[in-house]
Amino acid sequence: MRILHLLRNTPGNLFYQVLSSQRGQHQLTIVLFPEADLGEAEPPAQILELAPRKKARLRPRLHPRINSRELLDLIFKHERVFCW
């Protein structure tokens, strides 16, 4: 099953517990909103960054960026979507 996680904020322990229970059996994708930060952790999933609005301050790019249209496509291509 394809599972999409949308992170608007820095994740807590529950996020990592859910990921660890899903990682072996499912295809995981994580989209980081501009205000989200994974810190040092690198979850076992494809990680994408939502491009910030033009007026927002850009941070260093660590993962491939997507726009709002691509985010909408991802939502419809995944069977489950978790919003954090």
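For the single chain, residues carry numbers from 1 onward in sequence order.
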Heavy-atom side-chain contact between [X] and [Y] under 4.5 Å:
X: Arg23; Y: Leu28; result: yes
X: Ile30; Y: Leu48; result: no
X: Leu32; Y: Leu50; result: no

Within the distance-only criterion (no hydrogens, no angle test), does the side chain of Glu49 pair as donor or acceptor with the backbone N or O of His63 below 3.5 angstrom?
yes

Review item, side-chain donor-acceptor pairs of residues 1-16, under 3.5 Å, at least two apart:
unit_1, atom_1, unit_2, atom_2, d
Arg2, NE, Lys77, O, 2.8
Arg2, NH2, Lys77, O, 2.7
Arg2, NH2, Glu79, OE2, 3.3
His5, ND1, Trp84, NE1, 3.0
His5, NE2, Gln22, OE1, 2.8

side-chain contact (heavy atoms from CB on, under 4.5 Å) between Phe33 and Leu71, worked out:
CA-CA 10 Å; Phe33 280 65; Leu71 174 61; 4.1 Å; yes

Answer with yes or no whether the hydrophobic clustering places Ile75 together with Ile66; edges join I, L, V, M, F, W, Y residues whose side-chain heavy atoms lie under 4.5 Å apart.
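Per the 4.5 Å side-chain linkage, Ile75 and Ile66 are co-clustered.
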
Shortest non-hydrogen contact from Arg65 to Ala51?
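What the structure gives for the nearest pair is CD-CA, 4.0 Å.
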
